[in-house]
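To find a chain, count down the sequence lines: A is the first, B the second, and so on, and within it residues start at 1. Since we're looking at a predicted model, the values are computed, not measured.
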2 protein chains.
Amino acid sequence: MYKIGELAAACKVKPDTLRFYEKNGLLNPANRSDKGYRIYSDDDAQQLRFILRAKAMGFSLSDIRELLNIEASRSDWACADVKGMVEAKALELQTKIDEMTRLRDSLQELADACCGGPESAIHCSILDTLETK
Amino acid sequence: MYKIGELAAACKVKPDTLRFYEKNGLLNPANRSDKGYRIYSDDDAQQLRFILRAKAMGFSLSDIRELLNIEASRSDWACADVKGMVEAKALELQTKIDEMTRLRDSLQELADACCGGPESAIHCSILDTLETK
DNA sequence: TTTGACCTTTGACCTAACTCCAAGGTTTAT
DNA sequence: ATAAACCTTGGAGTTAGGTCAAAGGTCAAA
Ligand SMILES: [Zn+2]
Ligand SMILES: [Zn+2]
Ligand SMILES: [Zn+2]
Ligand SMILES: [Zn+2]
């Protein structure tokens with residue numbers, strides 16, 4: 001049984017983060033002390049670690065809410081559901097990667113066309129390109 | 001000479017966006033009509049296109065403010081300065097790409113380990129992995 | 001002349017995921 | 001006993017780049 005600061009420290013997050021997760025339905029402390037302090041159980045700690053691992057994998061908090069729902073009643077779901085979520089996330093990421101790669105290539109092309117020398121930028125091809133495509 | 005709605009329509013942005021750019025020091029209309037309407041010149045239109053092109057290249061508005069400063073007095077800057085900015089941006093992008101690629105690979109690995117079948121997720125390796133690393 | 005499409009300003013709201021603050025109550029250590 | 005270090009709540013602020021609404025003034029067409 002942990003108080004909020006203890007669990008937070010154990011998982012290297014701030015107490016406010018746990019309150020935030022609670023407010024957003026991701027982690028409810030098992031109970032409260034007679035004076036109203038949040039008391040977290042080992043299961044809660046495990047659930048927090050689940051959340052943090054999923055976050056590190058790139059899932060949003062609302063994705064994680066879904067994963068927690070599934071995890072809470074695994075038998076109601078198929079592997080296909082879970083795998084579908086993960087693959088969708090991977091695809092989403094890939095789409096962003098592609099977009100950023102195109103952007104990076106454009107920038108590199110822009111940079112390559114510039115002499116990069118110490119003289120005045122009056123003739124700079126980068127600025128020219130941005131000025132009039 | 002354009003009123004705000006005209007310039008906005010010509011560049012496919014909303015009037016509010018132009019007001020926002022003005023508030024943030026990116027684009028000041030050449031003058032105002034006697035009744036207070038913003039009046040944009042052809043130079044302003046050109047500057048807006050500069051802004052939009054730079055944005056499409058992945059520059060943030062504060063990057064663009066810098067670029068506009070340079071553009072406004074090109075002779076005070078060297079090509080090296082401009083190229084440096086562009087290369088820094090490309091590198092920044094590359095760093096994000098690398099990070100997202102690692103994330104995508106982790107997700108793909110996670111997905112690959114799951115059977116993805118229609119039976120219950122009780123044995124799902126994805127959930128197991130997230131539950132206890 | 002009256003409708004409707006413009007324009008003005010100020011200021012609130014949006015997403016995401018926290019983070020911080022204030023004002024007060026509690027626990028712990030010396 | 002008292003000060004430090006915790007805990008509570010509610011609500012505001014952060015970043016980035018807008019987007020919208022309200023309340024009012026202006027302008028062109030029918
Ligand atoms: Zn040069
Ligand atoms: Zn150059
Ligand atoms: Zn399976
Ligand atoms: Zn599975």
Say whether, by atom type as modelled, one donor and one acceptor occur between the side chain of B:Gln46 and the main chain of A:Thr132 under 3.5 angstrom.
no
Give a yes or no on whether the backbone of B:Glu109 and the side-chain of B:Asp112 come within a donor-acceptor separation of less than 3.5 Å.
no
Mate of C:dC18 where both pairing distances stay under 3.5 Å, Watson-Crick or G-U:
D:dG13
At 4.0 Å (heavy atoms only), tell me whether A:Ser62 reaches a base, stays on the sugar-phosphate, or touches nothing.
nothing
Okay, side chain of B:Arg74, backbone of A:Ser120: is any donor-acceptor separation there less than 3.5 Å?
no
Are A:Asp44 and A:Ser41 close enough that a side-chain donor and a side-chain acceptor fall under 3.5 Å?
yes
Please confirm whether the backbone N or O of A:Ser60 pairs with a side-chain atom of A:Asp63, one donor and one acceptor, at under 3.5 Å?
yes
N/O donor-acceptor pair under 3.5 Å between B:Arg65 side chain and B:Asn24 backbone
yes
Let me spell it out: for each of B:Lys55 and B:Lys35, pick the nucleotide of DNA chain D with the closest heavy atom. Which residue's pick is nearer the 5' end?
B:Lys55
Please check if the side chain of A:Asp105 supplies one atom and the backbone of A:Arg102 the other of a donor-acceptor pair under 3.5 Å.
no
A:Leu26 has an atom CG; how far is it from atom P of C:dA17, in whole Å?
10 Å
Under 4.0 Å between a side-chain N/O of B:Arg38 and OP1 or OP2 of C:dC6, yes or no?
no
Whether A:Asp81 side chain and A:Ala78 backbone form a donor-acceptor pair below 3.5 Å
yes
Calculate the interatomic distance between A:Leu61 atom CG and C:dT19 atom C1'; express it in whole Å.
14 Å
When rounded to the nearest 0.5 angstrom, what distance separates CD in B:Gln47 from CD in B:Glu71?
8.0 Å
Strand-adjacent residues in residues 87-102 of chain B, judged by heavy atoms under 4.0 Å from DNA chain D:
none
In whole angstrom, give the distance that lies between atom CG of A:Asn24 and atom C1' of C:dT15.
13 Å
On DNA chain C, does the nearest nucleotide to B:Ile39 precede the nearest nucleotide to A:Ser33 from the 5' side, or the other way round? Give the residue.
B:Ile39
Considering only heavy side-chain atoms of A:Tyr37, the closest of D:dT26, D:dC7, C:dT9 is D:dC7
Expected list for residues 2-23 of chain B near DNA chain D, using heavy atoms below 4.0 Å, is B:Lys14, B:Asp16, B:Thr17, B:Phe20, B:Tyr21
